[in-house]
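Please read these numbers as outputs of a predicted model, since none were measured by experiment.
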Amino acid sequence: MFENKKTSKLRIIFMGTSALAGVILKSLIKEKYNIVSVFTQPDRDKKKESAVKKIAEAHKININQPEKLDETVISLVKNLKPDLIIVAAYGKILPKKIIETPGLGSLNVHASLLPKFRGPSPIQNALLAGEEKTGVTIMLMDEGIDTGDILAQEEIKISPEDNLKTLSKKISTLGAKLLIESISRWIERKLKRIKQDDFKATVCQLIERNDGRIFWNEKAENIYNKFRAFYPWPGIFSFWEKDNFLKRIKFCEIKLKKNDSHERAYSYGKVFKSGEAIGIQAPGGIIVAEIIQMEGKKPLPAKDFIIGHPDFIGSVLK
RNA sequence: CGCGGGGUGGAGCAGUCUGGCAGCUCGUGUGGCUCAUAACCACAAGGUCGGCGGUUCAAAUCCGCCCCCCGCAA
């Protein structure tokens, strides 16, 4: 309890945007840390405002949503006189002047086992790569992107059923727990700083909608991993040529049917009936589509989709 | 006013350009066939064609306004 008294006086700035950041912020609030201000991305969409913003509003915490981290913002941060900055999936690269402002430095919660998967999409890329484990790293930030010294790290198993949504949830919980443990130990100077091995580093890019495009000459397993990595956003899609128009087909729910033998029944991308669902041939297996959505239409069970579009069967997706 | 697609029995769609009986597939119900079935055959029920207004002898269809859903872009 005396620890809480000590830590509650710390002036903390929290920076984050995604759902993961929201979970972290919530746990900080629950632990009664003194959050003097929250920084989050400007609202891009009226419907989808930042999770962090909502939480901060509910707890009446001061909110900043700067577009650019320029000199004005830097002096704003300095005026807040933070002892510590916590960053989790903020989506902006922090200038050195901000990172160095707090006496206790700036801590970052990163959703991978650094130095693996540095960058903005660690969870997606772990799934894309078909990894069987990943984790969370608490890092003391420096100027580079996810290159700072490691303070704490914990592994988590990825199950074959995991997708972006389920794995993010697990990682958020783990990240919040690890951060809370780490903060108090960091304040007491009980954490060792471990340098990252840059030679083992891998860097991932920001995910865009177009990254969800399926290429039917890719291995079926990779297509399935892409589905897991991009579920529910941005989702995976392909194109169906109907009446000389390319219609975008989103695959909302799919299953993977591995095919051990090397023979293949159809050419790659060919659509055929597979029980109640639709099967699409890919190298090394079949993608079984259970729920699909044509552009401008609602997501439909494959069975219903075929009723209205019998010519979908037998077509070759592009 | 960012670009585009769409709203038609319970589900999915066609019909709209060129106005003229409300159609198709599936499902549902009844009957038949069958040792039997999610199969097959026959019949039936089920619609304010998103809403309001206009044009017309006549509007799902043409014109105007509005509502809602979705894809893309941001």
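In the set B:C72, B:G12, B:C13, B:C72 carries the atom at the smallest distance from any side-chain atom of A:Arg248. In this structure, of B:G71, B:A73, B:A11, it is B:G71 that holds the atom nearest to the side chain of A:Gln293. When each of B:C13, B:C26, B:A73 is scored by its nearest atom to the side-chain atoms of A:Arg209, the top-ranked nucleotide is B:A73. For A:Asp304, the side-chain atoms get nearest to B:G12 when compared with the rest of B:G71, B:A73, B:G12.
At the phosphate of B:G71, OP1 or OP2 sits under 4.0 Å from a side-chain N or O atom of A:Lys250. The side chain of A:Lys298 contributes an N or O atom lying less than 4.0 Å from OP1 or OP2 of B:G12.
B:C3 and B:G71 make up a base pair, with Watson-Crick or G-U wobble contacts both under 3.5 Å. Pairing for B:A60 is absent, judged as Watson-Crick or G-U wobble with the two contacts each under 3.5 Å. When both distances must be under 3.5 Å, the Watson-Crick or G-U wobble mate of B:U34 does not exist. For B:A44, the paired base is B:U28 (Watson-Crick or G-U wobble, both distances below 3.5 Å). Base pairing analysis places B:A14 opposite nothing; no Watson-Crick or G-U wobble pair with both distances below 3.5 Å involves it.
Atoms CD1 (A:Ile292) and P (B:A11) sit 19 Å apart, rounded to a whole Å. Rounded to a whole Å, the CD1 atom of A:Ile307 is 10 Å from the P atom of B:G12. Taking atom CZ on A:Phe305 and atom C1' on B:C70, their separation rounds to 14 Å, with Å as the unit. Rounded to an integer number of Å, the gap from CE of A:Met294 to C1' of B:C13 is 9 Å. Atom P of nucleotide B:A74 and atom CG of A:Leu206 are separated by 12 Å, given to the nearest angstrom. The nearest whole Å value for the distance from the NE2 atom in A:His309 to the C1' atom in B:C26 is 14 Å. Rounding to whole angstrom units, CG of residue A:Asp311 and C1' of B:G12 are separated by 13 Å. For the pair A:Glu208 CD and B:A74 C1', the interatomic distance rounds to 13 Å; values are reported in whole Å.
With P as the reference atom, B:U28 and B:G10 are 15 Å apart, rounded to whole Å. Nucleotides B:C13 and B:G6 have their P atoms positioned 12 Å apart, rounded to a whole Å. Between B:A22 and B:G32, the two P atoms lie 34 Å apart (nearest whole Å). The gap from the C1' atom of B:U16 to that of B:C63 amounts to 14 Å, rounded to the nearest Å. Across B:C52 and B:C67, the matching C1' atoms stand 10 Å from one another, rounded to whole Å. For the C1' atoms, the distance linking B:G64 with B:U55 amounts to 11 Å, nearest Å. B:C17 and B:C1 are spaced 27 Å apart, taking the C1' atom of each and rounding to whole Å. Atom P of B:G47 sits at a distance of 15 Å from the matching atom of B:U8, rounded to the whole Å.
Smallest separation of non-hydrogen atoms from A:Ala89 and A:Leu20: CB-CD2, 4.4 Å. Contact between A:Tyr231 and A:Leu164 at its shortest, heavy atoms only, is O-CB, 3.0 Å.
With A:Lys226 contributing its side chain and A:Arg213 its backbone, the two residues share a donor-acceptor pair below 3.5 Å. Here the side chain of A:Gln41 pairs a donor or acceptor atom with the backbone of A:Gly91 at under 3.5 angstrom.
Using cut-offs of 30° and 60° for the angle between ring planes, the A:Trp240 and A:His309 rings count as perpendicular.
Heavy-atom distances to RNA chain B give each of A:Gly296 and A:Leu300 a nearest nucleotide, and the one nearer the 5′ end belongs to A:Gly296. In terms of position on RNA chain B, the residue among A:Gly308 and A:Pro299 whose nearest nucleotide sits closer to the 5' end is A:Gly308.
Summarising the local packing, CD1 of A:Ile313 is surrounded by more than 12 heavy atoms from other residues, nucleotides or ligands at distances under 6.0 Å.
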Exercise for review: Before giving the answer on ring pair (Phe, Tyr, Trp, His ring centres under 6.0 Å), spell out for A:Phe251 and A:Phe227 the whole-Å C-alpha distance, their side-chain angles and the decisive distance to 0.1 Å.
Suggested key: CA-CA 8 Å; A:Phe251 290 80; A:Phe227 167 70; 9.0 Å; no
